[in-house]
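Everything below concerns the one structure shown next.
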Amino acid sequence: MTHLLDQAQIASILSTYGYWAIFVVVALESAGLPLPGETLLVGAAIIARLSGTTAIENVVVAAAAGAIVGDNIGYWLGREFGVKLLERYGHYMGLGAEKLRLGQYLFYRWGGAIVFFGRFFALLRILAASLAGANHLPLGRFFIYNATGGVVWACVFGYGAYFLTAGFERIKAPIAAALACGLAIGLFMMWRYYKRHEARLMRDADAMLSQRR
């Protein structure tokens with residue numbers, strides 16, 4: 001879906017709806033819908049540089065605000081409905097009661113980093129907030145990492161596209177591939193760590209959850 005918008009379409013959207021289009025699309029993507037928020041941000045930044053009809057500062061602010069608001073909606077949806085869905089259907093994906101407790105523990109320990117860095121990966125950008133809510137990441141910690149991640153993401157991709165213009169599109173794909181490779185390696189290392197220390201992690205998870213009840 002992210003490749004369905006070209007510069008002409010983005011220019012048309014911006015001329016019709018203004019900065020609200022960036023805010024709404026990014027917010028809906030962050031809340032869990034597979035929409036081209038990042039593509040719209042990059043395209044709007046390039047248009048701001050080439051045409052001067054839009055202000056890059058407003059583009060970045062709209063994207064950052066949309067990311068923060070959308071993630072908070074996703075967090076609430078995950079908190080309200082995600083737990084029930086995981087408890088009811090999680091066993092179909094191998095997520096029994098023990099795995100769900102472990103997931104809550106892992107998000108309690110490292111959920112802030114997942115929320116922050118997840119903003120830079122397409123799939124995690126859609127799912128991270130809902131997973132944080134479903135796994136009961138404390139709201140205060142979620143908001144700090146969510147807001148910081150949203151602002152950094154909007155600045156990196158907004159100002160990056162603005163100052164590098166077409167060159168940013170050429171380096172964006174290799175950067176995304178390198179980040180995806182790093183994520184895959186990180187997930188593999190986490191999986192190996194989990195398999196080696198599964199029993200201890202489960203004990204820590206049970207201890208943490210019993211203290212929070």
Side-chain angles (χ1 to χ4, degrees), residues 2 22-42 57 59-83 85-86 95 99-161 172 175-176 178-191 193-194 201 204-205 208-209 211-212:
T2 58
I22 302 170
F23 173 84
V24 170
V25 172
V26 170
L28 291 176
E29 180 191 40
S30 301
L33 296 179
L35 295 176
E38 188 173 281
T39 298
L40 187 59
L41 166 60
V42 171
E57 295 83 2
V59 170
V60 170
V61 168
I68 295 170
V69 171
D71 273 347
N72 277 277
I73 294 172
Y75 177 90
W76 177 81
L77 291 172
R79 191 73 179 246
E80 292 295 317
F81 305 106
V83 176
L85 290 174
L86 288 174
L95 299 176
K99 293 295 194 305
L100 293 179
R101 294 201 306 274
L102 181 60
Q104 291 184 22
Y105 171 71
L106 294 177
F107 257 87
Y108 183 80
R109 288 288 303 275
W110 297 294
I114 295 173
V115 170
F116 179 89
F117 291 107
R119 168 59 47 188
F120 295 86
F121 300 93
L123 183 60
L124 282 178
R125 189 163 55 249
I126 296 171
L127 298 177
S130 298
L131 289 173
N135 286 287
H136 296 280
L137 179 67
L139 179 59
R141 191 186 309 174
F142 168 80
F143 182 80
I144 292 172
Y145 283 96
N146 163 48
T148 305
V151 171
V152 172
W153 168 78
C155 288
V156 168
F157 282 88
Y159 286 112
K172 181 182 170 184
I175 291 175
L179 289 174
C181 183
L183 177 64
I185 294 172
L187 290 174
F188 175 73
M189 297 300 293
M190 289 175 62
W191 175 79
Y193 180 84
Y194 160 71
L201 288 171
D204 291 345
M208 184 271 290
L209 291 174
Q211 293 175 1
R212 295 175 64 192

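Throughout, numbering of the chain's residues begins at 1 and tracks the sequence. Computed over heavy atoms, backbone and side chain alike; hydrogens, waters and symmetry mates excluded.
Taking 4.0 Å as the cut-off between side-chain N and carboxylate O, D71 and R125 do not count as a salt-bridged pair.
Rounding to the nearest 0.5 Å gives a distance of 10.0 Å between CG of L35 and OG of S30. Of the inter-residue distances, the one linking I114 atom CD1 with L127 atom CG reads 12.0 Å to the nearest 0.5 angstrom. Here OG1 of T39 is found 10.0 Å from CZ of F157. Values are rounded to the nearest 0.5 Å. Atom CG of L41 is separated from atom CD of E29 by 10.0 Å, given to the nearest 0.5 angstrom.
Contact of the I68 side chain with the F143 side chain is registered, since non-hydrogen atoms from C-beta on lie closer than 4.5 Å. You'll find the side chain of L33 stays beyond 4.5 Å of the side chain of I126, heavy atoms only.
Relative ring orientation between W76 and F81 is described as perpendicular, the plane-to-plane angle rising above 60° on a 0-90° scale split at 30° and 60°.
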For this session: Determine, step by step, whether V61 and F23 satisfy the side chain to side chain contact (heavy atoms under 4.5 Å, CB included) criterion, reporting the C-alpha distance in whole Å, the side-chain angles of both residues, the deciding distance to 0.1 Å, and the verdict.
Result: CA-CA 9 Å; V61 168; F23 173 84; over 6 Å; no
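Between the side chain of Y75 and the backbone N or O of A31, no donor-acceptor pair lies under 3.5 Å. When atom types are taken as modelled, the side chain of N146 and the backbone of F142 share no donor-acceptor pair closer than 3.5 angstrom.
Surrounding OH of Y159 are more than 12 heavy atoms belonging to other residues, nucleotides or ligands, all under 6.0 Å away.
Heavy-atom minimum distance, A63 versus A154: CB-CB, 4.0 Å. Scanning all heavy atoms of the two residues, the minimum distance from V26 to G66 falls at CG1-C, 3.8 Å. Closest non-hydrogen pair, I22 versus L40, comes out as CA-CD2, 3.7 Å.
With hydrogens and angles left out, the side-chain atoms of R79 and S130 include no donor and acceptor closer than 3.5 Å.
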